[in-house]
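Inspection log for the structure reproduced underneath, given as structure tokens.
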Amino acid sequence: MASTKVFLIFLLAALIATPVVVAQLGSIRISGVVFCSVNGTLDVINGLTPKIFLNASVQLRCGARNVISSTITNRSGVISLVMDSHVNTLPLLLINCLLVVATPLSTCNASLPSVGLLASSLNLVNIGIGGVGGVISVSLGPIDFILNLNLIL
């Protein structure tokens, strides 16, 4: 997984540095769905697909708990953030950042833990080149939101 990220980072850097392509990295979009589950995909209590986690506060944290951006999940449990690629570089986001659900998991289901926070590292979802001047668009998403008992607000 890590080697794939490193390869994609170097590939994107090569595309940006190639003199034949007069392109620049536009904004970086981060989106995904947050589920009401300790492991992101499975309701460990009932073995069912979990419900979505709506109105949850989600933070993009980089480094030592530095909150770079935040949002609230919508009625479909979807998060959406747009990052300025000149301020937050792609390697920084992929290697050094986590999406953290700052709302306790017990808020969406009282039978789930109230200690710890859901967190996910980021994954490259899509790279596209288009528009006038060949602007490169990058989409990132969470790998899986997993309960981390060591994370605090």
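For the pair Thr103 (side chain) and Ala56 (backbone), a donor-acceptor distance under 3.5 Å is absent. Checking side-chain atoms of Lys51 against main-chain N and O of Cys108 turns up a donor-acceptor pair under 3.5 Å. Ser37 places a side-chain N or O within 3.5 Å of a backbone atom of Asn39 that can act as its donor or acceptor partner. When atom types are taken as modelled, the side chain of Ser139 and the backbone of Val125 share no donor-acceptor pair closer than 3.5 angstrom. Using a distance-only test at 3.5 Å, with no hydrogens or angles considered, a donor-acceptor pair links the side chain of Thr73 to the main chain of Asn55.
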What verdict does the side chain to side chain contact (heavy atoms under 4.5 Å, CB included) test give for Phe53 and Val33, after you've listed the backbone C-alpha separation in whole Å, the side-chain angles of each residue and the deciding distance to 0.1 Å? CA-CA 8 Å; Phe53 198 160; Val33 178; over 6 Å; no
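Val78 and Phe35 fall within a single hydrophobic cluster, where Ile, Leu, Val, Met, Phe, Trp and Tyr side chains are chained together by heavy-atom contacts under 4.5 Å.
Applying side-chain contact (heavy atoms from CB on, under 4.5 Å) to Cys97 and the options Asn66, Leu140, Leu60 leaves one that passes, Leu60.
Rounded to the nearest 0.5 angstrom, Leu93 CG and Leu124 CG are separated by 11.0 Å. Here CZ of Phe145 is found 9.5 Å from CG of Leu98. Values are rounded to the nearest 0.5 Å. Asn109 contributes atom CG, which lies 12.0 Å from atom OG of Ser114 (distance to the nearest 0.5 angstrom). Atoms CD1 and OG, on Ile143 and Ser120 in that order, are 5.5 Å from each other to the nearest 0.5 Å. Separating the CG atom in Leu117 from the CG atom in Leu151 is a distance of 5.5 Å, to the nearest 0.5 Å. Ile68 contributes atom CD1, which lies 10.0 Å from atom CD1 of Ile30 (distance to the nearest 0.5 angstrom).
Between Ile28 and Val82, every side-chain heavy-atom pair lies at or beyond the 4.5 Å cut-off.
The minimum heavy-atom distance between Val34 and Val58, with the atom names listed, is CG2-CG2, 4.2 Å. Closest approach of Val115 to Leu147, counting heavy atoms only: O-CD1, 3.9 Å. In plain terms, the two heavy atoms of Ser69 and Leu81 that are nearest each other are OG-CD2, 3.3 Å. Nearest heavy atom pair, residue Arg75 against residue Ile52, reads O-CD1, 3.0 Å. Closest heavy-atom contact between Leu112 and Val38: CD2-CG1, 4.2 Å.
Looking at residues two or more places apart in sequence or on another chain, you find no side chain to side chain donor-acceptor pair (under 3.5 Å) involving Asn74.
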